[in-house]
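This report concerns only the one structure given below.
The sequence lines fix the lettering, A, B, ..., with proteins before strands; numbering per chain opens at 1. All values below were derived from every heavy atom in this structure, side-chain atoms included, with hydrogens, water molecules and symmetry-related copies excluded.
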2 protein chains.
Amino acid sequence: MLLDNRKKEVLHAIVDDYVSTNEPVGSKSLIERHNFQVSSATLRNDMAELEHLGLIEKPHTSAGRIPSDKGYREYVNSLMTIEELSPKEQLEIEKRIDSSVDEVTDLIKNATHTLSETTGFVSLAMSPRLKKSFLKQLKILMIEPGKALVVMVLSAGVVKDKVVRIPNFLSDEQIMKISGAIEKNLTGKPLDEITLVTVETAGKGTEVPEPLLKQVLYEAYAAIKQADELNIYLDGEHRILELPDFSSLGRARDLLGTLSDSGMVAGYVNEMENAREHSADDSFMIRIGQEITLEGLDDCSFITATYNLTDSVSGNIGVIGPKRMLYSKVISQIDFVKKKLNKEMQRFT
Amino acid sequence: MLLDNRKKEVLHAIVDDYVSTNEPVGSKSLIERHNFQVSSATLRNDMAELEHLGLIEKPHTSAGRIPSDKGYREYVNSLMTIEELSPKEQLEIEKRIDSSVDEVTDLIKNATHTLSETTGFVSLAMSPRLKKSFLKQLKILMIEPGKALVVMVLSAGVVKDKVVRIPNFLSDEQIMKISGAIEKNLTGKPLDEITLVTVETAGKGTEVPEPLLKQVLYEAYAAIKQADELNIYLDGEHRILELPDFSSLGRARDLLGTLSDSGMVAGYVNEMENAREHSADDSFMIRIGQEITLEGLDDCSFITATYNLTDSVSGNIGVIGPKRMLYSKVISQIDFVKKKLNKEMQRFT
DNA sequence: GATTAGCACTCTATCCCTTCGAGTGCCAAC
DNA sequence: GTTGGCACTCGAAGGGATAGAGTGCTAATC
């Protein structure tokens with residue numbers, strides 16, 4: 001974007017003022033609040049130019065200007081400077097992310113909740129993408145005739161299990177044989193390389209009658225596939241109603257309606273994540289306003305960072321807030337939570 | 001409540017009309033809509049009387065009447081007649097509560113979601129109160145040095161587990177010994193009779209050095225206690241914004257804010273449940289308006305029913321909606337969902 | 001060519017006023 | 001106990017009028 005320095009400053013100032021006041025910014029108040037060494041008429045010319053470039057817009061003829069999606073984008077890409085959190089803010093976050101939990105899932109929920117409280121927006125996290133982690137243990141425990149529990153320990157330090165139905169007639173011993181065979185042959189394999197065929201092959205050689213064996217193997221396969229399913233954790237949805245940006249009820253309703261379909265949101269995060277992998281920029285994903293293809297999020301920005309459970313196993317954590325947000329602050333809050341999360345996760349791997 | 005027949009009819013009509021129109025009901029429109037064989041002036045006298053009794057009230061001097069909390073209460077207790085759901089509605093619910101799930105938890109979430117979709121309100125369910133169910137199996141699986149998984153099978157057909165930390169030096173064999181001892185001594189005991197002391201006693205006699213043994217026993221105890229912790233499932237919170245009763249944003253915000261603290265809501269349901277156990281009425285709990293002690297629910301009614309996983313293990317399922325609701329319909333919807341849930345649960349026990 | 005002062009114009013938000021209508025309470029009559 | 005009649009009340013809706021913040025444009029100035 002070809003902008004001379006003053007125009008950059010003007011855009012910067014407009015974004016800052018609009019974010020903090022929630023009122024369209026006029027040329028006069030811009031002069032009052034900032035140390036521009038020119039007159040308001042000059043700024044008006046600059047603003048007309050910025051509007052022509054599509055960076056700012058007028059709600060109506062005689063109002064001040066507000067940043068457009070493109071304006072926020074320019075601000076985020078080129079103008080803003082990330083500010084570090086104060087030690088006090090850092091401490092607050094560290095304190096809230098309770099490190100005494102026993103399971104990764106709880107840690108993630110914890111971080112998500114903290115992020116919502118810290119930013120005042122809706123926060124969300126995706127569970128780790130486990131498809132690159134590999135099986136370390138797999139046990140099938142007989143619960144009662146016809147019912148068993150498949151317990152899997154994954155390389156990322158995660159334990160998953162699933163109750164499955166098995167044929168009634170199977171003995172404890174037979175189950176242990178099957179379980180042992182699967183474990184022996186599949187240990188060390190990344191989850192995304194395990195298919196029904198792999199599992200069936202692994203189960204061969206156990207002296208269990210064919211149809212019974214096949215059903216157990218299928219259930220084991222289903223359990224493994226379930227283990228790498230993605231979950232999404234949302235938190236602080238109610239905070240939307242605290243934001244003046246969503247005081248119109250209609251907008252709040254649309255947004256909450258969309259968020260209530262967590263599967264859809266998860267799908268969108270995945271899409272974003274895949275798009276990111278191909279480009280080589282840093283680990284933040286930022287979508288502003290209409291850039292977001294989910295319904296009802298036109299007035300939102302969607303910012304996520306990538307956390308890592310291990311080198312190859314990662315997930316996302318971030319916020320959905322109004323596009324009129326303090327980007328520099330929010331980004332560093334997410335970044336700090338992410339770092340803390342990464343640190344705490346080391347305990348599990 | 002001493003009311004002559006016509007006054008009962010008037011109150012009934014006011015509730016019906018107000019529920020369906022969301023407008024204060026005047027004496028004239030009451031005449032128009034119902035077949036009262038008296039004049040509007042007579043109804044005005046009756047209404048003045050009902051107001052004097054605190055059953056209806058005026059939003060302001062020259063408006064019609066709306067039912068008060070007490071009025072709704074009288075309506076629910078004595079006036080309304082429960083209507084059965086139509087076969088079509090029943091079928092719709094039966095279809096939605098997917099019976100192919102493998103875990104009780106999923107079944108409950110499923111029913112909760114269905115209830116929210118059916119009623120259009122916020123729905124909620126409590127997990128089964130497992131403290132009366134007893135231990136059928138308990139296994140401690142070594143995951144890696146220092147980490148184990150406690151798997152418990154309960155009499156109600158529920159499987160619970162918890163990752164716990166154990167001393168690094170313990171061998172597989174030692175763990176199995178401890179696990180076996182606990183299982184042998186505690187099988188058949190209701191969860192609420194298991195204390196740290198019981199577990200420690202159960203673990204005696206295993207040839208494992210004292211401090212190590214003690215830590216494992218403590219962790220096993222913690223796992224058992226976690227197994228009978230109550231969970232709450234909320235669904236459809238966003239539907240609140242669809243209701244005209246909460247179009248004022250402030251009210252919606254308060255309500256959603258309260259609901260976001262699911263622990264508090266769970267505590268309240270528990271309180272209600274305990275109060276119910278002492279009185280001997282039927283299985284519905286209905287709280288209207290100010291009867292609800294949770295903040296921000298003054299304009300709501302809270303209705304729950306009790307489902308049963310086994311004779312002694314039960315939980316709650318119900319809705320939170322505006323107190324201006326079609327009670328007879330909503331109650332039969334909850335009732336039907338509850339029955340369907342009970343039926344499906346038999347598969348698990 | 002960039003900057004500035006000045007000015008006419010535009011649009012919204014707010015306040016005030018009026019009107020309308022539904023509803024009430026009360027009284028006197030039935 | 002019931003009814004018709006009537007004065008009264010209050011909120012909702014609509015219609016100016018006004019104030020204020022902001023704009024674009026022009027002509028003068030640096």
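Applying the ring-ring contact (aromatic ring centres under 6.0 Å, His included) test to residues at least two apart or on different chains, the pairs with a partner in residues 65-90 of chain B are His12(B)-Tyr75(B), Tyr72(B)-Tyr327(B).
Rounded to an integer number of Å, the gap from Ile14(B) CD1 to dG23(C) C1' is 13 Å. Remark: P of dT2(D) and CD1 of Ile31(B) are 12 Å apart, rounded to the nearest angstrom. Between the CG atom of Leu30(B) and the P atom of dA22(C) there is a distance of 16 Å, rounded to whole Å. Note: OH (Tyr18(B)) to C1' (dG23(C)) measures 16 Å, nearest angstrom. Between Ile66(B) atom CD1 and dA22(C) atom C1' there is a gap of 16 Å when expressed in whole angstrom units. Rounded to an integer number of Å, the gap from His60(A) NE2 to dA21(D) P is 13 Å. Atoms CD (Glu49(B)) and C1' (dT2(D)) sit 15 Å apart, rounded to a whole Å. The distance between atom CZ of Phe36(A) and atom P of dT4(C), rounded to the nearest whole Å, is 12 Å.
For Val38(B) and Pro24(A), each mapped to the nucleotide of DNA chain D holding its nearest heavy atom, the one lying further toward the 5' end belongs to Val38(B).
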Protein heavy-atom contacts under 4.0 Å, written 5' to 3' over nucleotides 24-30 of chain C as B (base), S (sugar-phosphate only) or - (none), form the string BBB----

Hey, what are the protein-to-nucleotides 27-30 of chain D N/O distances that come in under 3.5 Å?
none

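Every residue two or more places apart in sequence or in another chain was checked for a ring-ring contact (aromatic ring centres under 6.0 Å, His included) with Phe336(B), and none qualifies. Applying the side chain to side chain donor-acceptor pair (under 3.5 Å) test to Thr114(A) and every residue at least two apart in sequence or in another chain returns nothing. Scored by the side chain to side chain donor-acceptor pair (under 3.5 Å) test, Asn35(B) finds no partners at all (sequence neighbours excluded). Every residue meeting the side chain to side chain donor-acceptor pair (under 3.5 Å) condition with Glu92(A), not counting sequence neighbours, appears here in chain and number order: Arg96(A). When the salt bridge (charged side-chain N to carboxylate O under 4.0 Å, His left out) test is applied to Asp17(B), the partners found at least two apart in sequence or on another chain are Arg33(B). Partners of Arg6(A) according to the side chain to side chain donor-acceptor pair (under 3.5 Å) rule, which considers only residues two or more places apart in sequence or in another chain, are Asp46(A). Partners of Asp16(A) by salt bridge (charged side-chain N to carboxylate O under 4.0 Å, His left out), not counting sequence neighbours: none found.
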Compile the donor-acceptor pairs under 3.5 Å between side chains in residues 47-64 of chain B and protein atoms, sequence neighbours left out, one pair per line.
{"from": "Glu51(B)", "atom 1": "OE1", "to": "Arg65(B)", "atom 2": "NE", "distance (Å)": "2.9"}
{"from": "Glu51(B)", "atom 1": "OE1", "to": "Arg65(B)", "atom 2": "NH2", "distance (Å)": "2.7"}

Under a 3.5 Å cutoff on both atom distances, Watson-Crick or G-U, what's the dot-bracket for DNA chain C ([ ] crossing, | other strand)?
-> ||||||||||||||||||||||||||||||

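The 12-atom threshold is not exceeded at CD of Glu84(B), counting heavy atoms of other residues, nucleotides or ligands nearer than 6.0 Å.
Across all strands, Ser29(A) comes closer than 4.0 Å only to sugar-phosphate atoms, never to a base (heavy-atom distances).
Tested against Met264(B), the residues Val269(B), Leu259(B), Leu294(B) include a single side chain to side chain contact (heavy atoms under 4.5 Å, CB included) partner, Leu294(B).
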